There are 2 protein chains.
Amino acid sequence: MYSQLYNHINKFVKLSSGEEEILAALLKTVSVNKKAFLLEQGQICKANYFVVKGCIRLYFIDIKGAEQTTQFAIENWWLSDLTSFLFQKPSEFFVQAAETTEVIAIAHHHYEEMFTQLPKLERYFRLVLQKSHQAAQMRIRYLYSMTAEERYHHFNASFPEFVQRIPQYMLASYLGFTPEFLSKIRAKR
Amino acid sequence: MYSQLYNHINKFVKLSSGEEEILAALLKTVSVNKKAFLLEQGQICKANYFVVKGCIRLYFIDIKGAEQTTQFAIENWWLSDLTSFLFQKPSEFFVQAAETTEVIAIAHHHYEEMFTQLPKLERYFRLVLQKSHQAAQMRIRYLYSMTAEERYHHFNASFPEFVQRIPQYMLASYLGFTPEFLSKIRAKR
DNA sequence: CGCGACGTTGATTTGCCTCAACGATTGTGG
DNA sequence: CCACAATCGTTGAGGCAAATCAACGTCGCG
């Protein structure tokens, strides 16, 4: 039960089995079918999600009606619309399964309780957020210094197996261009 | 001494005066003149910086030789090249004062010690990082859904006083376009 | 099998960049 | 306190990367 999350946590802080039990009482496993939603625009984000298996994405619909993917999460990553989750206000985003996915959810009303009962996890989440912060910094760096084609090749070289797993239109929006343009890049070789 | 930082921390976690003293031993105040550097490309980022007064920015030089601003920090914000700081490896970024600035620095060799001695600060930094994460998510949202002109007007409406403080070329690169283009947007009204 | 989702291809358009020349403002040394 | 340079901002002409739009394949699934 939740052993994959425990393993991940234990890379950063050590939990006793008693502590694991306390944590377990606050968690819930959720299965989502491909294309199903954990959060839809206008709803309040109910939980922070840890991906056990599969892939979920965070996206929004822009003014022209196009989907824009802002984040992916695969195995051992957390994902949520933090703004909606923390302040319990309506979200401008969708959280959708890109594949059939199993996640561990920590609901909002358990989130603060978790830190009260297990202050060690403050450290775990700080370290997780530091990693996210680094990733976000890199993302901006690439967006501001590479052409669309360069970003695609770079991403493809960095995460070849991941590129296989997701539809091209999701990748295109994540990298900041259109599916048509991705198709044209690919046609070049 | 460091009272502005203590005030900021106390918004999130309460420190006793004894704890403030422990923290003080790990900190250092640094003054930087306008245009001077706290970090230059190729150097190892020595500290995480809290802005007491003024403004610093994180930027890099792209392949064409243009400066690209990835972050600003004004009063009560932390800034660092986390990748270089955490792993003590050479940075691809510059940290420069946009104005004459006073910062409080926590050096790398004190950073982990700080968390050991004052575990409460795990929580403080988690909360600070959560806020950064939200800001990064918004940033991507705007980049992916607005034109350059819209981003400028939106930023200008959101932070009118800040726009006055910094040169236009820094703002242009932060918003993801050229100084010339910013000039043309402004000429429209 | 047929339909809807996804991907491809080509023609055309456009938002923004590039480059270059020219003001304006700031700051610095004589 | 002025002269002059450097920095910063403006303006215009031309170009290009990527978007848009539309038509057409193709695959998977009910």
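Residue numbering restarts at 1 for every chain, and letters A, B, ... go by the order of the sequence lines. All of these numbers come straight from a predicted model, not from anything done at the bench.
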In whole angstrom, what separates [X]'s [atom1] from [N]'s [atom2]?
X: B:Glu67; N: D:dC8; atom1: CD; atom2: C1'; answer: 12 Å
X: A:Leu175; N: D:dA17; atom1: CG; atom2: C1'; answer: 16 Å
X: B:Asn33; N: C:dT26; atom1: CG; atom2: P; answer: 19 Å
X: A:Lys188; N: C:dT8; atom1: NZ; atom2: P; answer: 14 Å
X: B:Leu143; N: D:dA19; atom1: CG; atom2: P; answer: 14 Å
X: B:Met170; N: D:dT7; atom1: CE; atom2: C1'; answer: 12 Å
X: B:Ile185; N: D:dT10; atom1: CD1; atom2: P; answer: 11 Å

>> Protein within reach of the bases, or only the backbone? For nucleotides 11-20 of chain C, mark each nucleotide 5' to 3' as B, S or -, using heavy atoms under 4.0 Å.
In response: B----BSBB-

>> Does the protein touch nucleotides 24-30 of chain D at the base, only the backbone, or not at all? Give it as B, S and - per nucleotide, heavy atoms under 4.0 Å.
In response: -------

> Just by distance, do the side chain of B:Asn10 and the backbone of B:Tyr6 share a donor-acceptor pair under 3.5 Å?
Replying inline: yes

>> Can you list, in residue-number order, the parts of residues 154-164 of chain B that come under 4.0 Å of DNA chain D, counting heavy atoms only?
In response: none

> B:Ser173 pairs by side chain to side chain donor-acceptor pair (under 3.5 Å) with which of B:Asp62, B:Thr69, B:Thr178, B:Thr70?
Replying inline: B:Thr69

> Any side-chain donor paired with an acceptor under 3.5 Å for B:Ser91 and B:Ser84?
Replying inline: no

Where do N or O atoms of nucleotides 3-6 of chain C meet protein N or O atoms at under 3.5 Å, pair by pair?
residue : atom : partner  : partner atom : Å
C:dC6   : OP1  : A:Lys35  : NZ           : 3.1
C:dC6   : OP1  : A:Tyr169 : OH           : 3.4

> If you round to the nearest 0.5 Å, how far is CG of B:Leu27 from OH of B:Tyr2?
Replying inline: 5.0 Å

>> How long is the straight-line distance from NE2 of A:His109 back to CG of A:Leu26, given to the nearest 0.5 Å?
In response: 8.5 Å

> Which residue pairs satisfy the side-chain hydrogen bond (donor to acceptor under 3.5 Å, both in side chains) criterion with at least one member in residues 29-47 of chain B, sequence neighbours excluded?
Replying inline: none

> According to the side-chain hydrogen bond (donor to acceptor under 3.5 Å, both in side chains) rule, which pairs have a member within residues 124-146 of chain B, sequence neighbours left out?
Replying inline: A:Gln71-B:Gln137, A:Asp81-B:Gln137, A:Thr83-B:Gln134, A:Glu92-B:Arg141, A:Tyr111-B:Gln130, A:Glu122-B:Arg126, A:Arg139-B:Tyr144, A:Tyr144-B:Arg139, B:His8-B:Tyr124, B:Trp78-B:Tyr124

List the residues meeting salt bridge (Lys or Arg N to Asp or Glu O under 4.0 Å) with [X], not counting sequence neighbours, and say none if there are none.
X: A:Glu150; value: none
X: B:Glu99; value: B:Arg165
X: B:Glu20; value: none
X: B:Glu180; value: none

> Between A:Lys188 and A:Glu149, is a salt bridge (Lys or Arg N to Asp or Glu O under 4.0 Å) present by the stated rule, with each step listed?
Replying inline: CA-CA 10 Å; A:Lys188 291 190 187 175; A:Glu149 186 166 353; 2.9 Å; yes

With under 30° as parallel and over 60° as perpendicular, where do the rings of [X] and [Y] fit, or are they tilted in between?
X: B:Phe155; Y: B:Phe159; value: tilted
X: B:Phe72; Y: B:Tyr174; value: tilted
X: A:Phe115; Y: A:Phe125; value: perpendicular

> Can you list the other members of the hydrophobic cluster that holds B:Phe94, where links are side-chain heavy atoms under 4.5 angstrom apart?
Replying inline: B:Phe37, B:Tyr59, B:Ile61

> Between the two end axes of the helix from C:dC1-D:dG30 to C:dG30-D:dC1, each built from 5 base pairs, what angle do you get to the nearest 10°?
Replying inline: 40°

